[in-house]
Protein chains: 2
Amino acid sequence: MARTHTTSLEKSLVLLRAIIADGGRTPFNEIVSDLNLPTSTAYRLVSQLVDAGFASRYGPNSFGPGIVAALLYQRTDVSALVARLARPLLKDLASKSGLTSHLGVLENGMVTYKVRIPGRAPRAAGFTREGMQLEAYCSAVGKVLLGGLSSDALDDYLNEGAFVPLTPYTIVDPSVLRQEISAIRESGIAIDNREVAEDMICLAVPVLGPGGEIIAAISSSMPYNDKAPPEPMMYRTSLEGCSQILSARLCGKTIAVDA
Amino acid sequence: MARTHTTSLEKSLVLLRAIIADGGRTPFNEIVSDLNLPTSTAYRLVSQLVDAGFASRYGPNSFGPGIVAALLYQRTDVSALVARLARPLLKDLASKSGLTSHLGVLENGMVTYKVRIPGRAPRAAGFTREGMQLEAYCSAVGKVLLGGLSSDALDDYLNEGAFVPLTPYTIVDPSVLRQEISAIRESGIAIDNREVAEDMICLAVPVLGPGGEIIAAISSSMPYNDKAPPEPMMYRTSLEGCSQILSARLCGKTIAVDA
DNA sequence: GTGCCTTCTCCCATATGGTGAGAATTTCAC
DNA sequence: GTGAAATTCTCACCATATGGGAGAAGGCAC
């Protein structure tokens, strides 16, 4: 059910989003009637959007994104933005749990760590650095991010990759990896069980974008100890909470639509 | 003097643009006072922009572009958009002048022709095709676009390029080319005087984006004829008029600021 | 050309929603 | 704590958004 939008600005932004998302394919009057906007109101609003450069007239009954806004928004680095919003949250997470926290994104098949907040544990997750790239198949963050790929892209990744074991626990068999990733998609959580370093266990969850797509992953790393093996799932709730807050900050009041 | 903006939407979009353009560097209250907006109004507006995903809160007193909008706008292909808006104008230009009209953009040192409208002349500019790429140094469109490069980028281009003559008239000396490009920057118009094909002359002017930067170039091509050499400058006014209309459509009411 | 249909703009009476000063509250640094 | 800055809230006023409808402006078929 279409909620009725009260302020004029809200209405305008909803209209603008519809116009940009559509890209000029759907006739304008259709977009407008889908939003339950009166014609004359819609024209009034869209003409202001055009004047400001946020939309453009493509032709009769057809509008699309505006150049001015496109040029401005194209200068923004989305993952830098995500990192910036994530940093304070991860700081909080790290200080509450005492664990090293990371945020990573996928960049052509590799995980790039955009944020790293060290925990209190003596030498936990010692070797990662911000900006560092790591193979995706062995880390918890990487496995979550691989789960966000389309099935075609994932097939390519699994076929092309040479999966070098970093520890005896690293998953190197593509079919096992596929299984693992599919399980992670289901459960929404990934564990790196000493796969990247023998003395480390890692828990990761996805960060969702406005359309529910996976745009990043955050993780908590804890040292492994034979005598007192850690209970990674203890930290699930706080990690998920952090991800949800981050998603909410990223998306505004926009609620990710569920199918 | 800051003009006073009447409608609430206009105010919001001006504010939004300032926020995005700044990228979160300038404190919010500074942006706001530069725009002569009352504090409480500014907060009211920006919170709606954030809710809609067009802006994000970066920290105290700091806002920047929103992810939702960034992701949407990043899907738009700016040059395709320019081409789409240019096509009807070039059609008009071609039918009025009878000359073949082109719109081209620069893509890593080469000109890509995004629009081509054939003229009436028998076999005018016969070999270009839409989507075709051509070396920049010899065509009128290319020379205009090179004029839009920063001086560093232009230096690189002139140093790296191997300038192969296509006709006896092609400019192949980098220092002559530099001179030519600088003259074009001054005059705002470029001529390809049989440099690409012996039987063709071409006139090109830049298409300006919202900040006055050169984002494309349009041209009129005419066949060269020894007995009755064409007068390319005859077509200058109509070409420039076309460019101005296109710029205006691209930028909305946004007036390109002159230094 | 003529007529028809759609897109688009303009007008205007109405009242909804925008406005912004100032107070109140929260946040943060020291 | 204490003070300063950031942020939200309140509210009375009235500017401005609203949207139905008229009609201008194209476009298309014939």
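Below, each value reflects all heavy atoms present in this structure, side chains not excepted, and no hydrogens, waters or symmetry copies. Just so we're on the same page: letters track the sequence lines, and every chain starts at 1.
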Next item on the list: Select one nucleotide: of dC8(C), dA17(D), dG20(C), the one nearest the side-chain heavy atoms of S8(A).
Entry: dA17(D)
Item checked: Spacing between R44(A) atom CZ and dG17(C) atom C1', to the nearest angstrom -> 13 Å
Margin query: Rounded to whole Å, how long is the line connecting atom CG of L15(B) with atom C1' of dG20(C)?
Written below: 15 Å
Checklist line | Interatomic distance, D92(A) CG vs dT27(C) P [rounded to whole Å] | finding: 14 Å
Note to self: Reading DNA chain D from 5' onward, which residue's closest nucleotide shows up sooner: P60(A) or N61(B)?
What the structure shows: N61(B)
Checklist line | Nearest-Å distance for atom pair CD1/P, residues I31(B) and dT7(D) | finding: 12 Å
Next item on the list: Establish whether the base of dG17(C) is bridged to the side chain of T7(A) by a donor-acceptor pair shorter than 3.5 Å.
Entry: no
Check: Does the side chain of T7(B) come under 3.5 Å of the side chain of Q48(A) through a donor N or O and an acceptor N or O?
Finding: yes
Note to self: Just N and O in the side chain of R57(A): are any of them under 4.0 Å from OP1 or OP2 of dC8(C)?
What the structure shows: yes
Item checked: SB check E231(B) R236(B) (cutoff 4.0 Å) -> no
Item checked: Over all atoms of both residues, closest heavy-atom pair of P232(A) and M222(A) -> CA-SD, 3.8 Å
Next item on the list: Report yes if a side-chain nitrogen or oxygen of T41(B) is closer than 4.0 Å to either non-bridging phosphate oxygen (OP1 or OP2) of dT19(C); otherwise report no.
Entry: no
Note to self: Could you check, using the six-membered ring where one of them is a Trp, whether F54(A) and F54(B) have ring centers closer than 6.0 angstrom?
What the structure shows: no
Item checked: For atom CD of E10(B) and atom C1' of dA15(D), their distance in whole Å -> 14 Å
Note to self: Using whole Å, what does the distance between atom P of nucleotide dG20(C) and atom CG of L37(B) come to?
What the structure shows: 8 Å
Check: Does K11(A) put a side-chain nitrogen or oxygen below 4.0 Å from OP1 or OP2 of dA17(D)?
Finding: no
Checklist line | Angle by which the axis turns from one end of the helix from dG1(C)-dC30(D) to dC30(C)-dG1(D) to the other, five pairs per end, to 10 degrees | finding: 70°
Check: Considering the options T100(A), I191(A), D192(A), which one meets the side-chain contact (heavy atoms from CB on, under 4.5 Å) requirement together with C202(A)?
Finding: D192(A)
Next item on the list: Please tell me which of S40(B) and P27(B) maps to the more 5' nucleotide of DNA chain D, matching each residue to the nucleotide holding its nearest heavy atom.
Entry: P27(B)
Margin query: How many whole angstroms separate atom OH of Y43(A) from atom P of dA22(D)?
Written below: 18 Å
Notebook entry, point to check: Within this structure, what is the CG-to-P distance between L45(B) and dT16(D), rounded to whole angstrom?
Noted result: 14 Å
Item checked: Basic-acidic side-chain contact under 4.0 Å: E130(B), R87(B) -> yes
Check: Taking side chain as C-beta onward, heavy atoms only, is V82(A) less than 4.5 Å from V105(A)?
Finding: no
Note to self: Taking the minimum atom-to-atom distance to the side chain of N29(B), which one of dA6(D), dT7(D), dT7(C) wins?
What the structure shows: dA6(D)
